[in-house]
There are 2 protein chains.
Amino acid sequence: MTMPDVWPAAAPSSGAAKATRPQKRSGKRRAEILDAAMSVFAERGYANGSLAEIAERAGMTHAGVLHHFGSKEQLLIALLEYRDEADVSTLEGRHAPEGAELLEHLIRTVERNEQRPGIIQAYSVLLGESVTDTHPARAFFTSRFEGLRTMVTTALAEATGRDPGESDIRAAANGIIGAMDGLQEQWLLDKQSVDMGAATRLLIRAVTEELRASPPDGRA
Amino acid sequence: MTMPDVWPAAAPSSGAAKATRPQKRSGKRRAEILDAAMSVFAERGYANGSLAEIAERAGMTHAGVLHHFGSKEQLLIALLEYRDEADVSTLEGRHAPEGAELLEHLIRTVERNEQRPGIIQAYSVLLGESVTDTHPARAFFTSRFEGLRTMVTTALAEATGRDPGESDIRAAANGIIGAMDGLQEQWLLDKQSVDMGAATRLLIRAVTEELRASPPDGRA
DNA sequence: CCTACCGATCGGTAGG
DNA sequence: CCTACCGATCGGTAGG
């Protein structure tokens, strides 16, 4: 997890995956199952989403799904990795953005996400479930946030000329990341009342100006 | 839903509920079931939490739980209302805060929430699940956010001398509310790395200063 | 508030 | 990748 463009930022994967010839070891079937799994988990959640429904959308029986992924839990893990790969390929060839450029990239990502409610819903539902006891996606999200916090903290420090170790910088980074996730929940519940891009843009602008204006202070 | 102190802000209800004599119609048993339900839903989610486990923690069989609440869905609805009432009683006697005072109240609420991971986890898990299809808590959260957006927008407008109809004011309110929810997910996954209060405080300060400084602009 | 039971659904396995 | 099956668990009901 090193890209800022992680997960709720992927391009529709079907195009890239289906355009190529069948990958080694029936990768096409696997991709179809993963697409079906994402839509089912988005609509029902992981706990409540059944292998039978995933299988039906992928055109097979639930035993067929298990043949490909071994267990429901391994299917979820594969889905999380699959989405990550799709996102990384979006950035391939370009250099990973830094400083103010990364902050602008975050805003563009949020705006793009407004066009992909399905992916956002799957992400939000799985994130919400992930804090339950022994949830298989917990480690994924924990390390995702760890990476995001590092990236955004660094970018904010560079963009404002402050030290990344200052507590204000870290608080600001955590707040921006939190806002992006919380806005998705609000938006999914009432899309007309929430402009995720506008809110993110204003928050980032307000925070960077605040950090430029206030005196360097806290350290740990 | 008119209070800002809603839900992830309640005082431990057991004290108040158990101190009084049995309420009319076995309210004490109901409260014990509701407390058990909150802990089970926090740990397993609503979809994955079973009536049998709730019943066990409340010291009865699952048929007993159904005797009191009729169905699992009605138990959830009752739980959401029950938490709301506990929060409202916290504010009783005081006037509902407004303007800058409400913004300070939000920060205090976030700081207090850092002492009650169980309630925060139940809230976060149910919020995440609520965006799934036909989830019984969906209406609750939708109207909760509607109320919060109105309150925070009004408070921000009062605190900065701007018009509550401006798009910047609404974007700022949505961003602050979103940050509070998103920070909870981050915090639940890694409590040591996230200071919810510090992040909320910085965001509110940055946003209010930004709104005071920038020219009145957008209207709808 | 319990015992006893119901039909439905679940994830996973066997064996091909 | 399927048919057939397994044990387990689920929410809810009957009847007291």
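The chains referred to below are lettered A, B, ... by the order of the sequence lines, with proteins before strands, and numbering in each begins at 1.
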Exercise for the section: Evaluate the salt bridge (charged side-chain N to carboxylate O under 4.0 Å, His left out) criterion for residues A:Arg108 and A:Glu111: first the C-alpha distance (whole Å), next the side-chain angles of each, then the deciding distance (0.1 Å), finally the verdict. Expected result: CA-CA 5 Å; A:Arg108 284 195 306 272; A:Glu111 285 167 347; over 6 Å; no
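- Among the nucleotides C:dG12, D:dC10, C:dC1, the one closest to any side-chain atom of A:Leu51 is C:dG12.
- B:Glu53 places its CD atom 8 Å from the P atom of D:dC10, with the value rounded to the nearest Å.
- For the pair A:Glu129 (side chain) and B:Gly45 (backbone), a donor-acceptor distance under 3.5 Å is absent.
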Exercise for the section: Take B:Val152 and B:Leu156 through the side chain to side chain contact (heavy atoms under 4.5 Å, CB included) test and state the conclusion after the steps. Expected result: CA-CA 6 Å; B:Val152 178; B:Leu156 275 177; 4.3 Å; yes
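- Judged by closest nucleotide on DNA chain C, A:Asn48 is the one of A:Gly70 and A:Asn48 placed further toward the 5' end.
- The backbone N or O of A:Asn174 lies less than 3.5 Å from a partner atom in the side chain of B:Gln186, making a donor-acceptor pair.
- We find that CZ of B:Arg30 is positioned 11 Å from P of C:dC1, with the value rounded to whole Å.
- The backbone N or O of B:Glu98 sits nowhere less than 3.5 Å from a side-chain atom of B:Glu158 that would complete a donor-acceptor pair.
- Protein atom CG of B:Leu76 is 17 Å distant from nucleotide atom P of D:dC10, rounded to whole Å.
- For A:Ala52, whose side chain is taken as the heavy atoms from C-beta onward, the closest listed nucleotide among D:dC10, D:dG12, C:dC10 is C:dC10.
- Each of B:Tyr46 and A:His67 was assigned the nucleotide of DNA chain D with the nearest heavy atom; the assignment lying further toward the 5' end belongs to A:His67.
- Near DNA chain C, meaning a heavy atom under 4.0 Å away, the residues from residues 59-66 of chain A are A:His62, A:Ala63, A:Leu66.
- Of the listed nucleotides (D:dC1, C:dG12, D:dG11), D:dC1 has the atom at the smallest distance from the side chain of A:Arg29.
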